[in-house]
Amino acid sequence: MFSLANQIAYNGHMVQQTASIAPLDHLPQSLWVDCTSNLAQEHWIPQQGAEMVSFCRQLLGMGVAPTDIFVISPFKSVSKQVETLIRRHGDLTGLQSGTIHTFQGKEAPIVLLLLGGNPERPGAMAWASERPNVLNVALTRAQHRFYVIGDRNLWRRYPHFDQLDRQLPPSELQVTFNE
């Protein structure tokens, strides 16, 4: 993810210096979990939230501490719903969540980018992608792994997320909900 952030935001001039962290080589490589749905509440996609809970539980089951995971989103409505899910599911206590800008200047071994995004309100997704800053901040928070949950076909149409689409392999799990 360093090379992608370096490419989209720094024209190849960023220097990598990563602090030593506990080995997480047993975790899946950075990937994109494609989760599509035609149901949105503002920019919150409930099915993506359910997938986030399941994915985080898998990581916890692999020995990851909840405090080692940031769940971030470009949208406040999504981050508020994530906070509600964390409170509702006691086993997720310790996960840190918020908007991408909340985490500026902070790092974690694992970053999970929960995209959300209402297909009927594309202006917000266009805003999130118009400059590399939003994606760059998300990418550079991750020390070891970067996971994305969101509608891949929808987001790859936008600048910078098209590059993310080319760099991140798809998850073997493809999640589609039809309401």
Side-chain angles (χ1 to χ4, degrees), residues 1 5 19 21-24 26-119 121 124-125 127-128 133-152 154-155 161 164 168 170-177 179:
M1 294 303 91
I21 59 173
L24 298 174
H26 64 289
L27 298 179
Q29 292 298 314
S30 297
L31 54 81
W32 190 320
V33 178
D34 186 17
C35 185
T36 60
S37 174
N38 61 4
L39 178 66
Q41 302 162 357
E42 292 188 36
H43 294 291
W44 170 246
I45 310 292
Q47 293 76 13
Q48 291 179 15
E51 186 58 35
M52 181 274 306
V53 169
S54 174
F55 196 85
C56 287
R57 284 181 169 155
Q58 290 177 46
L59 293 173
L60 298 175
M62 294 178 199
V64 175
T67 55
D68 287 342
I69 304 171
F70 286 172
V71 180
I72 61 179
S73 176
F75 305 115
K76 289 180 186 176
S77 61
V78 174
S79 66
K80 287 180 183 178
Q81 291 293 335
V82 169
E83 290 170 9
T84 300
L85 285 176
I86 292 170
R87 284 192 303 273
R88 187 178 302 146
H89 299 279
D91 58 331
L92 301 181
T93 300
L95 291 177
Q96 298 180 60
S97 69
T99 64
I100 288 170
H101 298 300
T102 302
F103 290 99
Q104 200 155 358
K106 300 176 185 176
E107 293 182 324
I110 299 169
V111 169
L112 195 155
L113 177 60
L114 187 60
L115 288 173
N118 188 335
R121 295 171 57 193
M125 290 176 283
W127 161 82
N133 304 37
V134 170
L135 184 54
N136 176 56
V137 171
L139 287 166
T140 57
R141 301 311 93 206
Q143 295 172 316
H144 198 67
R145 293 287 191 267
F146 184 80
Y147 301 115
V148 177
I149 296 176
D151 186 334
R152 191 172 193 138
L154 178 66
W155 278 92
F161 289 89
L164 184 65
L168 278 183
S171 167
E172 293 179 14
L173 175 66
Q174 206 269 328
V175 183
T176 302
F177 294 89
E179 290 76 30

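For reference, positions follow the sequence shown, starting with 1. These figures come from a predicted structure and were not determined experimentally.
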Would you please name every residue forming a side-chain contact (heavy atoms from CB on, under 4.5 Å) with Val53, sequence neighbours left out? Arg57, Leu85, His89, Leu92
Identify which one of [options] satisfies the side chain to side chain contact (heavy atoms under 4.5 Å, CB included) criterion when paired with [X].
{"X": "Pro119", "options": "Thr36, Asp151, Leu154", "result": "Leu154"}
{"X": "Met52", "options": "Val33, Leu112, Val78", "result": "Leu112"}
{"X": "Val111", "options": "Arg141, His144, Arg145", "result": "Arg141"}

With heavy-atom distances below 4.5 Å as the criterion, would you say the side chains of Glu83 and Arg87 are in contact? yes
Using a 3.5 Å distance criterion without hydrogens, assess whether the side chain of Trp44 forms a donor-acceptor pair with backbone atoms of Lys76. no
Is there a donor-acceptor pair under 3.5 Å between the side chain of Ser73 and the backbone N or O of Leu114? yes
Which residues satisfy the side chain to side chain donor-acceptor pair (under 3.5 Å) test with [X], sequence neighbours excluded?
{"X": "Ser77", "value": "none"}
{"X": "Arg121", "value": "none"}
{"X": "Arg152", "value": "Asp165"}
{"X": "Thr67", "value": "none"}

Is Glu42 atom CD crowded by more than 12 heavy atoms from other residues, nucleotides or ligands, each under 6.0 Å away? no
What distance do Asn118 atom CG and Ile45 atom CD1 have between them, rounded to the nearest 0.5 Å? 6.0 Å
Pairs involving residues 61-88, ordered by first then second residue, that meet ring pair (Phe, Tyr, Trp, His ring centres under 6.0 Å) (sequence neighbours left out): His43-Phe75, Phe70-Phe103
